[in-house]
Chemist: 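Mind having a look at this structure? Questions to follow.
Residue numbering restarts at 1 for every chain, and letters A, B, ... go by the order of the sequence lines.
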4 protein chains.
Amino acid sequence: MLAPAAVTTDQRYAIPESMQAWVLGDPGQLMLKRKPVPVPNKAEVLIRIDAVAICATDLDNIYYGPPALIEGGLPFNKNWTPGHEYMGTVVALGPGVDEFAIGQRVACEIHAGCGQCKRCRQGMYTSCHNYGMNYGAHDKGHRANGFTTDGGFCEYQVNHINTLARIADDMPDEVGALVVTAGTAMYALTELGGLVAGESVAVIGLGPIGLLVAAVAKALGASPVIAADIADNRLEIARKLGADHVVNVRNIDAVEAVHKLNGGEGVDYAVECSAAPDAVNTAVHMVNRGGKVCLAAFLHEKVAVDIAHVVKNNIYLYGIRGEGKSSTHRAEALMRQKRFDAGLIHTHTFALEDLPTAISYAKNHTDNAIKVVVKARGVARIGVAAE
Amino acid sequence: MLAPAAVTTDQRYAIPESMQAWVLGDPGQLMLKRKPVPVPNKAEVLIRIDAVAICATDLDNIYYGPPALIEGGLPFNKNWTPGHEYMGTVVALGPGVDEFAIGQRVACEIHAGCGQCKRCRQGMYTSCHNYGMNYGAHDKGHRANGFTTDGGFCEYQVNHINTLARIADDMPDEVGALVVTAGTAMYALTELGGLVAGESVAVIGLGPIGLLVAAVAKALGASPVIAADIADNRLEIARKLGADHVVNVRNIDAVEAVHKLNGGEGVDYAVECSAAPDAVNTAVHMVNRGGKVCLAAFLHEKVAVDIAHVVKNNIYLYGIRGEGKSSTHRAEALMRQKRFDAGLIHTHTFALEDLPTAISYAKNHTDNAIKVVVKARGVARIGVAAE
Amino acid sequence: MLAPAAVTTDQRYAIPESMQAWVLGDPGQLMLKRKPVPVPNKAEVLIRIDAVAICATDLDNIYYGPPALIEGGLPFNKNWTPGHEYMGTVVALGPGVDEFAIGQRVACEIHAGCGQCKRCRQGMYTSCHNYGMNYGAHDKGHRANGFTTDGGFCEYQVNHINTLARIADDMPDEVGALVVTAGTAMYALTELGGLVAGESVAVIGLGPIGLLVAAVAKALGASPVIAADIADNRLEIARKLGADHVVNVRNIDAVEAVHKLNGGEGVDYAVECSAAPDAVNTAVHMVNRGGKVCLAAFLHEKVAVDIAHVVKNNIYLYGIRGEGKSSTHRAEALMRQKRFDAGLIHTHTFALEDLPTAISYAKNHTDNAIKVVVKARGVARIGVAAE
Amino acid sequence: MLAPAAVTTDQRYAIPESMQAWVLGDPGQLMLKRKPVPVPNKAEVLIRIDAVAICATDLDNIYYGPPALIEGGLPFNKNWTPGHEYMGTVVALGPGVDEFAIGQRVACEIHAGCGQCKRCRQGMYTSCHNYGMNYGAHDKGHRANGFTTDGGFCEYQVNHINTLARIADDMPDEVGALVVTAGTAMYALTELGGLVAGESVAVIGLGPIGLLVAAVAKALGASPVIAADIADNRLEIARKLGADHVVNVRNIDAVEAVHKLNGGEGVDYAVECSAAPDAVNTAVHMVNRGGKVCLAAFLHEKVAVDIAHVVKNNIYLYGIRGEGKSSTHRAEALMRQKRFDAGLIHTHTFALEDLPTAISYAKNHTDNAIKVVVKARGVARIGVAAE
């Protein structure tokens, strides 16, 4: 790292000038390269990345590009590094930063809002109106590492202090990498949804977000919490994380099952995490009059929605694209208190150099993979590097 | 009226034992009959109906039945009276009622919640979980006159006091019948939407609700207010009611126009009142990141929605089915202060006996009809009664 | 009970025509009498009272009369029965009630709003504008058993179904009687306060409400939770209920201690439950800029408040007088899930006939009494009845 | 101005290197000096100050110092310039600013939050936890011009773009200087208070904020709006601004009058702007059960408050210290639409050099002065400069 005087470092953490980093070539092509270690500016710190998880949207980003207009033709063949679910250790402080100390372990939110647009001024920084405006003369300060700026499939990254949540000393790296996923579940349920204890929740699709929606809902006192999926192993994990009831939708009708399990009534909240073709309607019909539906899955095509039912029943739908309103801090508070064991959804760890293998496991659910993590240190290589 | 001792009457208002009332036969068939004048119970009053407007949902109700499961096979051939947008004069008080006095003119909300379910206890009585449960042993007190109980195409009706909003002395009957329509617009924008002055609003479809959404938005200080429709006469009325800009979507792309008129950005709120096939997507693409879309139009089929755009942009959608949270009182407060002239959307008045003609005008937009009102008194018959 | 045909009973629960009931004579004087068992009307049930706890406000009510203007000179020498923290078993159903079944065990909220005033229509039934209007011609349906209508120091009472929360089968009666107290804590923190996991809370004064504020705050994921009192035994219970830190304010300055324990900053919420003379200011200075102060203790005199500090720091203060917004259901949901052991604050049980002894224990903290319960059945008399 | 390359200027606006500026000497002593024209950084612009109004808190600041701990001994004898209610013209843009153009007229909010603390991340930047932290190594970016950083009693000032609201072309400078005052009223009523049309409002104390509370409340559709003061000329202005009723509290009891004027009930909102000794209690007793009291006046001593009444009646109190949540934009939207004439409260204009005379008018209400404005250009000097 080229360390200007105003950057604070610490001899415990020697920072090299360059690092290993995966970069995106053509769609679907990842290459391991060397890049300079980035330098933190005002209100930023340098993070040594200790663990980075693979998210379904990483696969989208690697194949289709991330969902934002990015100046200059990013991401393909522009030396761009994907990866957005990472945690690490603060190893250098930008000028004036005293909110964090070198050596602290932190989870890293994805979105750093510009702080200047209407939504950021409302505290809705995930909906920043300058999303993706972070290059050259148009740099408004927005950052979404792994979406619009370099991400975490490398050794070091710079983060704005607003994106950081301290994690408990006894929280393993692999679990720390899931804090933002839990923060997304939290945001869906409380900050946006307004869930209070005793309300009923159904979740459709038990990927990592869906599983943590079940866990966070239960930790917040929701009752009953009903989880639906097609895979029995995932239903079993949902139950361990706190779901009161699980429904295998291969065998039975999800809407009917939810009504039956909730005393003959629709639930107060349904969270759609499956991206299945008719899942939006399933969710809409799962909730009661005045209920809320959170749409957390990215879809690639328009889907037919029973809008008449939405209108007649005063139903709310709201989309989320990740965490928000500092929900990550709240999720970490629950995890620190051991309200649920997020580690249950972590299934595999690979060396950073084995990212392609890791991605293959995540994509194909190899060996029942759910959350697959890569680490730059302390994990033996088992695969063969790409290139 | 069979007046038990506990009902308070007043000699100024002689109440007959029976009245004229339209009743629904087969789908699409209305018949003028005599019915007993109903009697108010505890917390209810008897309203002499002075004006009743025809709503698009009346047409739905008459042809398809209202959108609720009603015990006993209502509405067809069950002596049921439709009509839900009415105002009138309080002419008798149920036992213990002192909140209203005989002689007061009132607008009548549609929904009287049960007061006992979860939603009613939250103040969301329009989303009552006992909707339609108002017969026999299962009577939970819910009433939606003109949907699940007898409505306003007659001379007298009983209303729960919670459904009543006093109207200004100088407000004409025809305008008073629009207070609930304005209350629906208010509910969409403020109680559910959270609109504050200075935010931007687009409205799609300038039927009575759409026109009053434009009027109420402007009265609340929204800026800019953009109204879109295919009829120039309606765009002209929108402008008179307060729209800053109007867009004829026959000629230009609505989404593009709205962005251009709002300084290159999407608006904060879009209210879909058109029921046009792709209008939900039009609305979704009109709003900015974090924006809100209110769905106020009833549709009869599923429509394809760009859910990916909703998710990526943290957009909220919420359905409304009429007024709520006492929004009618707030709408009346604005109308009393002459913030807009709701009378601009009233185009025709017919005698109660001419209801079929009135419905024909409303359905076919005959003579540029927008809001068509029928009155039991003071209007000469011009048509020929149905059957 | 005089059981009209429309009241549903069950042979498992034989209901007598009269019952034992304590009634208030002169201020401070309680007498055990026989009263008729009351009869449930529409939307009401008859509760067999299985346990009733003594609250500090009971002492106020018995000595000063409850804080409401009640028509007809209530409460002194009017045959009025106090007692408002009770639970029991549903033993008869009023006409049309099918929301509850005979034999169900329930906790009973105090406040049944009129359902017709502005606040009730907003869901704020504890702030009912017809509070105390429940006699004769002015009966608007408001009930606050133990405050404005007969309460629970007797064998049976009638409750509106809106006041009932089902309790878990394995919840002891004595704990069930605390559900409403926990509901009050819940209302203070979430429905009114907006607390979300990870926020910091200080509570001043560890009576039953204060202790359950600490418990509920922790159960909701608040962090840190700091409890302050002058009694070490209560601080110890607070810790067992979930407080992260306890402060004995006899020895150290509460404001200073809270800042120190919260990383040098004021907390997000302070809940004042002590009624100590300067406690409002203590609470005001405990919170950070933009923080919230809940006032839960009844005071008998004006207190000097540092309003300048409130203004300069955008601080919110809000009073609560018990539960609200169905918070009791949410509290029960947490207790059912065993998030904290409310039984820790229950210290003594007496027979109903020994109420004066029970009150003396509660008033004088005899034998470190915290929550003292009386039961009409299953507890041997140890004292001597009044009269 | 020392203009670095990255600052954009325009030949229409020649910017001198130094300017006239009032600075604070000992308490109460103001001196006219020359200071360098400041230079805008990233996300900042340079404002040519066209009008600056005198606020009651200016007098407090000049005599007692502003209510914040400021490092380095500010404000006395530190060359500090007070003045915080100003508007002007954008004359230079800091690096990367394209949100505003040179030549635009803007009103300037006081508070620029740090953007990094908990409150700023919630959108509550007026409650910034780094308030006053804006010097040297501890500079967290918070600015409150005229409170913790140099203010507006001079010719030019630098403002963060988040503090700026464009004003209408036809809005006079003197009215533009009141936009932030109206924004404070807006914040009290809507963003914090949640006022919706049709709710009732009483305001106590008709200084500029109180008068604009009446105006904004009416513009938002509140009904009735009741204004109380001891000066008939101010009551008359309140009426012109929209108050439905005015009460001279010299002659009649304010609480009684408000209940009578509101149909026998307390109002939904009371806004205390008078700083009179018992005014907090007056406000508390003016509202109905569940009502809200906004405390907008700075007091210098503790006041006795009827907390028991607050608790028993579920009343909310909240302090404000100026605008917030972009309320200034919303206030400007109402003023642009001519919903009320804020110019009615502007009574006097002086030249910048005559600031001491202007302050004397404001302090002593000379010649019925309400809002007194000073301008650096276009106003003939009538007084003699201090020193």
Chemist: Please classify the contact of A:Asn281 with chain B as side chain, backbone, both or neither, using a heavy-atom distance under 4.5 Å.
Modeler: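 Contact with chain B is through the side chain of A:Asn281 alone.
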Chemist: Given the options A:Leu299, A:Val303, A:Ile307, which has more heavy-atom pairs under 4.5 Å with chain B than any of the others?
Modeler: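 Sorted descending by pairs with chain B, the first entry is A:Val303.
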Chemist: Please determine whether side-chain contact (heavy atoms from CB on, under 4.5 Å) holds for the pair A:Leu192 and B:Tyr316, giving the CA-CA distance in whole Å, both sets of side-chain angles, and the decisive distance to 0.1 Å.
Modeler: CA-CA 10 Å; A:Leu192 288 187; B:Tyr316 303 65; 2.9 Å; yes
Chemist: If I compare all heavy atoms of A:Gln122 with all of B:Glu199, which pair ends up nearest, and what's the gap?
Modeler: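 The pair with the smallest heavy-atom distance is NE2-OE2, 4.0 Å.
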Chemist: Between B:Val310, B:Val280, B:Thr126, B:Asn288, who has the most heavy-atom pairs with chain A when the cutoff is under 4.5 Å?
Modeler: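 The residue among B:Val310, B:Val280, B:Thr126, B:Asn288 with the greatest pair count is B:Asn288.
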Chemist: Looking only at heavy atoms and a cut-off of under 4.5 Å, which of A:Gly324, A:Gly290, A:Gly291, A:Ala297 has the most pairs with chain B?
Modeler: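 Greatest number of close heavy-atom pairs with chain B: A:Gly290.
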Chemist: Can you tell me if B:Arg119 and A:Asn314 form a side-chain donor-acceptor pair at under 3.5 Å?
Modeler: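 B:Arg119 vs A:Asn314: no donor-acceptor pair found between side chains.
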Chemist: If we only count heavy atoms from C-beta on, is the A:Ile320 to B:Lys312 side-chain gap below 4.5 Å?
Modeler: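 A side-chain contact is absent here, since even the closest heavy-atom pair is not under 4.5 Å.
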Chemist: Walk me through it: do B:Arg289 and A:Asn130 pass the test side-chain contact (heavy atoms from CB on, under 4.5 Å)?
Modeler: CA-CA 10 Å; B:Arg289 285 174 62 83; A:Asn130 285 317; over 6 Å; no
Chemist: Select, from A:Cys294, A:Ala304, A:Gly266, A:Ala308, the one with the greatest count of heavy-atom pairs under 4.5 Å involving chain B.
Modeler: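 When all of A:Cys294, A:Ala304, A:Gly266, A:Ala308 are compared, A:Ala304 has the most.
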Chemist: Please classify the contact between A:Cys128 and chain B as side chain, backbone, both or neither, with a heavy-atom cut-off of under 4.5 Å.
Modeler: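 For A:Cys128, backbone heavy atoms alone lie under 4.5 Å from chain B.
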Chemist: Is it the side chain or the backbone of A:Lys118 that comes within 4.5 Å of chain B heavy atoms, both, or neither?
Modeler: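 Contact with chain B is through the side chain of A:Lys118 alone.
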Chemist: If you take all heavy atoms of A:Asp278 and B:Lys302, which pair is closest and at what distance?
Modeler: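 Answer, listing the atom of A:Asp278 first, then B:Lys302: OD1-NZ, 3.9 Å.
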Chemist: Heavy-atom distance under 4.5 Å to chain A: side chain of B:Tyr125, backbone, both or neither?
Modeler: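 For B:Tyr125, neither part sits under 4.5 Å from chain A.
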Chemist: Tell me, side chain or backbone of A:Leu295 under 4.5 Å from chain B's heavy atoms, or both, or neither?
Modeler: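 Both parts, heavy atoms under 4.5 Å.
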Chemist: So which of B:Lys292, B:Glu301, B:Glu265, B:His309 has the largest heavy-atom pair count under 4.5 angstrom toward chain A?
Modeler: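 Top count of heavy-atom pairs under 4.5 Å with chain A: B:Glu265.
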Chemist: Counting only non-hydrogen atoms closer than 4.5 Å, does A:Glu272 touch chain B with its backbone (N, CA, C, O), its side chain (CB onward), both, or neither?
Modeler: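 For A:Glu272, there is no contact with chain B at all, as no heavy atom is under 4.5 Å.
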